[in-house]
Student: 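This is the structure I have questions about; it appears just below.
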Amino acid sequence: MADPASDLPFFYGSISRIEAEEHLKLAGMSDGLFLLRQCLRSLGGYVLSLVWNLQFHHYSVEKQLNGTYCIAGGKPHCGPGELCEFYSKDADGMVFNLRKPCLRAPETPIRTGIFDSLRDNMLRQYVRETWHLEGEAMEQAVISQAPQLEKLIATTAHEKMPWYHSKITRQEAERRLYSAAQPDGKFLVRDREDNGTFALSVMYGKTAYHYQILHDKSGKYSMPEGTKFDTVWQLVEYFKMKQDGLVTILREVCMSPSCTVATPFLPAARKPRPNGYTPAPEAPPQTDRALPMDTSVYESPYSDPEALKEKKLFLKREQLMIDEEELGSGNFGCVKKGIYKMRKKHIDVAIKVLKSENEKSVKDELMKEAEIMHQLDNPYIVRMIGLCQAESLMLVMEMAASGPLNKFLSSKRDQILVDNVVELMHQVSLGMVYLEENNFVHRDLAARNVLLVNQHYAKISDFGLSKALGADDNYYKARTAGKWPLKWYAPECINYHKFSSKSDVWSFGITMWEAFSFGGKPYKKMKGPEVTGFIESGKRMDCPAGCPDQMYTLMKDCWIYKHEERPDFAKVEEQMRTYYYSISKKTPPEEKAGDTTAATAKAPPM
Ligand code: ADP
Ligand code: MG
């Protein structure tokens, strides 16, 4: 994940104080010469190194739990760049203002810190261990949930470390330290008995020393009067490198008897939940909601090899229970709720039931839709379970219980944060990258066809108009115009009947507009043909109220007239991701519906 400072030309990454001073010396030691570097002790913190009067001054920039950055006692800022800009105008307590950036030479790359690669590994290990995901499913989980996973890991990372002994008495800690060899720096961390804080016990000169690890109101961990850390794990890593007031640096792990993992930095895994429609109560406090991977529809029900063995295109009617409840309807028939009984588990399904009086062409269309869906398998796409030919022809799909995105957002507009919309649209972009990579054009991407599994998990659905492109084709040419969703269609679709992933990108832009206007209708009361004139004259829809600038800019990119100049989904996803990660860093961890103190705005009133 990119460091929020990585765009700053005076950011050096994880260099030491001495190296920082070397750079400043080489750059001339003028008053106000400065650079920014990564802080070793906190996830996401920095140090500003500044020259004044031929001397070096180092100010640590703390990242607060609410995602803002500040120098101790100073004003909070939303990013490292903003903070530096502020101090370039006003010294505000520092010896001098930031006057001249010490620019990083092109041959000096930003040094990645130990935590950067460790963190990346941890994310993957965590996903692997918790949800038993591998390969593409794991990568998608990491990409789509990195901000949530980081928060989760920050709060639980120490729990499966070999040096973590959970709740034991001081006497028991000493007994464990004294057993076997007693080298200097042998250490363990334990829960203190009285108040829920931690203690670090270290061996030095055959004597055990005990330090209390403080946990302050802002959630940071520290030694009394020492530097502060986001996690106990980082505190330990730091004291492995620096003595900083301890009797010795931490060297050898006193292994916890309950530690069985081979990978020393593997954090405690969270119990996956069998059914993701309702957030389970036992989630850790900081990420108190189901992640997509917690739900039963993240992976295909056929990802289990045994279930796969029994996979057939046509399902047996006896294994299907159909509810009376209708989830939706159309001229083909209706979509009903149901349960599909597999050998090992029963799964909730949505069943598209064809009206029996329908003509053959409608049946053919459903078969085509099934044929497309049959080839798709991605966490952000509604999967087909199979077809069933009984009282009527039925298409059995994964259930997305919270229904279409537009309806969901318009009915909950005062409870849903804009950040939540960004998260969902990022997921849609991930699903679209998958389609683009596999040469499918959707042709009906719209908020009504994005279904929600829950408030934080979206899937693309309705492949009724979709086409698989030939290996050498990059567009589909429709022979005749049908009943088309013109307001969602790119100019080349309307003018030349040409459909490609780039025309899906246009529709993605419209879908974004619908989402950020909380289920609003695009182009207001205009009729399809009027919209065409509007677009041809170079006009585009306005930014929905409360929609972040970055998201509106992306929408407009999706509406670039010439498809050759429009970004592809790989690019769109990258932009969605960058923005999504950047706001996830700034949002307080607890995101409550109806919480007016949250950092980001909710939908404006209609
Ligand atoms: P149409 O071709 O008529 O647009 P859709 O596939 O979009 O058909 O389905 C129509 C409606 O049925 C959707 O808007 C939604 O409310 C409901 N629906 C369809 N598929 C599912 C599903 N997998 N889970 C839950 N509801 C669904
Ligand atoms: Mg639909």
Student: I'd like to check the ring pair (Phe, Tyr, Trp, His ring centres under 6.0 Å) partners of His563; sequence neighbours left out, ordered by chain and number.
Tutor: none
Student: Is the shortest side-chain heavy-atom distance between Lys337 and Asp348 below 4.5 Å?
Tutor: no
Student: Please check if the side chain of Tyr298 supplies one atom and the backbone of Ala141 the other of a donor-acceptor pair under 3.5 Å.
Tutor: yes
Student: Out of the candidates Val335, Val396, Leu327, Asp323, only one should pair with Ile351 under the side chain to side chain contact (heavy atoms under 4.5 Å, CB included) rule; please name it.
Tutor: Val396
Student: Do Leu395 and Met373 pass the side-chain contact (heavy atoms from CB on, under 4.5 Å) test, and can you show the C-alpha distance, the side-chain angles, and the key distance before you say yes or no?
Tutor: CA-CA 10 Å; Leu395 173 70; Met373 286 185 95; 4.1 Å; yes
Student: Say whether, by atom type as modelled, one donor and one acceptor occur between the side chain of Asn449 and the main chain of Asp462 under 3.5 angstrom.
Tutor: no
Student: Checking the side chain of Lys459 only, and the main-chain atoms of Val297 only, is there a donor and an acceptor separated by less than 3.5 Å?
Tutor: yes
Student: Can you name the nearest heavy-atom pair linking Ser410 to Gly519, along with the distance?
Tutor: CB-CA, 4.4 Å
Student: Which of parallel (below 30°), tilted (30 to 60°) and perpendicular (above 60°) describes Trp559 and Trp506?
Tutor: tilted
Student: Walk me through it: do Lys336 and Glu325 pass the test salt bridge (Lys or Arg N to Asp or Glu O under 4.0 Å)?
Tutor: CA-CA 6 Å; Lys336 287 193 171 171; Glu325 194 184 327; over 6 Å; no
Student: For atom CD of Gln375, is the number of surrounding heavy atoms from other residues, nucleotides or ligands below 6.0 Å larger than 12?
Tutor: yes
Student: Salt bridge (Lys or Arg N to Asp or Glu O under 4.0 Å) with Asp364: which residues, sequence neighbours excluded?
Tutor: Lys360
Student: Mark yes or no for whether Glu436, through its side chain, and Phe569, through its backbone, hold a donor-acceptor pair below 3.5 Å.
Tutor: yes
Student: Counting only N and O atoms by type, is there a donor-acceptor contact under 3.5 Å from the side chain of Thr578 to the main-chain atoms of Glu574?
Tutor: yes
Student: Measure across Ser466 and Ile372 and return the closest heavy-atom pair with its distance rounded to 0.1 Å.
Tutor: O-CD1, 3.7 Å
Student: Taking atom NZ of Lys311 as the centre, report whether more than 12 heavy atoms of other residues, nucleotides or ligands fall under 6.0 Å from it.
Tutor: yes
Student: Check step by step if side-chain contact (heavy atoms from CB on, under 4.5 Å) holds for Leu435 and Ile381.
Tutor: CA-CA 9 Å; Leu435 291 184; Ile381 290 177; 3.7 Å; yes
Student: Looking at Tyr457 and Pro379, would you say the former's side chain and the latter's main chain have a donor-acceptor pair under 3.5 Å?
Tutor: yes
Student: Say whether Glu437 and Asn378, considering side chains only, have a donor N or O and an acceptor N or O under 3.5 Å apart.
Tutor: no
Student: Is the His346 to Tyr340 ring centre distance short of 6.0 Å?
Tutor: no
Student: Looking at Arg343 and Glu310, is any side-chain nitrogen of the basic one under 4.0 Å from a carboxylate oxygen of the acidic one?
Tutor: yes
Student: Between Tyr302 and Ile385 (side chain of the first, backbone of the second, donor and acceptor by atom type, cut-off under 3.5 Å), is there such a pair?
Tutor: yes
Student: Kindly compute the distance separating CG (Leu554) from CG (Asp549), expressed to the nearest 0.5 Å.
Tutor: 12.5 Å
Student: Does a sphere of radius 6.0 Å around OH in Tyr475 hold more than 12 heavy atoms from other residues, nucleotides or ligands, not counting ones at 6.0 Å or beyond?
Tutor: no
Student: Taking side chain as C-beta onward, heavy atoms only, is Met342 less than 4.5 Å from Ile347?
Tutor: yes
Student: Ala458 and Val450: which non-hydrogen atoms are nearest, and at how many Å?
Tutor: CB-CG1, 3.9 Å
Student: What verdict does the side-chain contact (heavy atoms from CB on, under 4.5 Å) test give for Val572 and Met432, after you've listed the backbone C-alpha separation in whole Å, the side-chain angles of each residue and the deciding distance to 0.1 Å?
Tutor: CA-CA 9 Å; Val572 168; Met432 291 309 296; over 6 Å; no
Student: Which distance, rounded to the nearest 0.5 Å, do you find between the SG of Cys84 and the NZ of Lys89?
Tutor: 11.5 Å
Student: So does Lys344 pair up with Asp304, basic N to acidic O under 4.0 Å?
Tutor: yes
Student: Trp484 vs Tyr489 aromatic rings, parallel, tilted or perpendicular, using cut-offs 30° and 60°?
Tutor: perpendicular
Student: Report the distance from atom CG of Asp419 to atom CG of Leu424, rounding to the nearest 0.5 Å.
Tutor: 11.0 Å
Student: Determine whether a donor-acceptor pair (N or O, by modelled atom type, separation under 3.5 Å) exists between the side chain of Arg128 and the backbone of Met138.
Tutor: no
Student: Are the side chain of Thr68 and the backbone N or O of Pro76 linked by a donor-acceptor pair below 3.5 Å?
Tutor: no
Student: Is the shortest side-chain N to carboxylate O distance from Glu369 to Lys352 below 4.0 Å?
Tutor: yes
Student: Do Val349 and Met397 have side chains that get closer than 4.5 Å, going by heavy atoms?
Tutor: no
Student: Could you state the interatomic distance from CD (Gln145) to NE2 (His456), rounded to the nearest 0.5 Å?
Tutor: 9.5 Å
Student: Measuring only between side-chain heavy atoms, which start at C-beta, is Gln319 closer than 4.5 Å to Leu315?
Tutor: no
Student: If every non-hydrogen atom of Pro544 is compared with every non-hydrogen atom of Phe516, which pair is closest and at what distance?
Tutor: CB-O, 3.7 Å
Student: Does the side chain of Ile322 come within less than 4.5 Å of Arg317's, by heavy atoms?
Tutor: yes
Student: Carefully, step by step, assess Asp444 and Arg448 under the rule salt bridge (Lys or Arg N to Asp or Glu O under 4.0 Å).
Tutor: CA-CA 9 Å; Asp444 200 5; Arg448 63 182 173 276; 3.0 Å; yes
Student: Do the side chains of Ser501 and Asp568 get nearer than 4.5 Å, heavy atoms only?
Tutor: no
Student: Is it possible for you to check whether Lys412 lies under 6.0 Å from the centre of the six-membered ring of Phe408, through NZ or CZ, and within 45° of that ring's axis?
Tutor: yes
Student: Less than 4.0 angstrom from a charged side-chain N to a carboxylate O is my criterion; do Asp377 and Arg383 meet it?
Tutor: yes
Student: How about Phe534: does its CZ atom have over 12 heavy atoms from other parts shown lying under 6.0 Å from it?
Tutor: yes
Student: Between Glu530 and Lys527, does any NZ, NE, NH1 or NH2 come within less than 4.0 Å of an OD or OE carboxylate oxygen?
Tutor: no
Student: Is a donor on one side and an acceptor on the other found under 3.5 Å between the side chain of Asn420 and the backbone of Gln455?
Tutor: yes
Student: Step by step, work out the side-chain contact (heavy atoms from CB on, under 4.5 Å) result for Thr130 and Asp294.
Tutor: CA-CA 9 Å; Thr130 310; Asp294 290 323; 5.5 Å; no
Student: Measure the spacing between OH of Tyr580 and CD of Gln427 and express it to the nearest 0.5 Å.
Tutor: 7.0 Å
Student: Would you say His374 and Leu313 make side-chain contact, with heavy atoms under 4.5 Å?
Tutor: yes
Student: Of all the heavy-atom pairs spanning Glu492 and Ser503, show the shortest one and how long it is.
Tutor: OE2-CB, 3.5 Å
Student: Looking at Arg124 and Glu139, is there a salt bridge between them, counting it only when a charged N and a carboxylate O are closer than 4.0 Å?
Tutor: yes
Student: Which atom pair, heavy atoms only, marks the closest approach of Ala447 to Thr511?
Tutor: N-CG2, 3.5 Å
Student: Just say parallel, tilted or perpendicular for the rings of His77 and Phe86, cut-offs at 30° and 60°.
Tutor: tilted
Student: Got Tyr476 and His497 here, is their nearest side-chain heavy-atom distance under 4.5 Å?
Tutor: no
Student: I need the Ile460 CD1 to Leu451 CG distance, nearest 0.5 Å.
Tutor: 10.0 Å
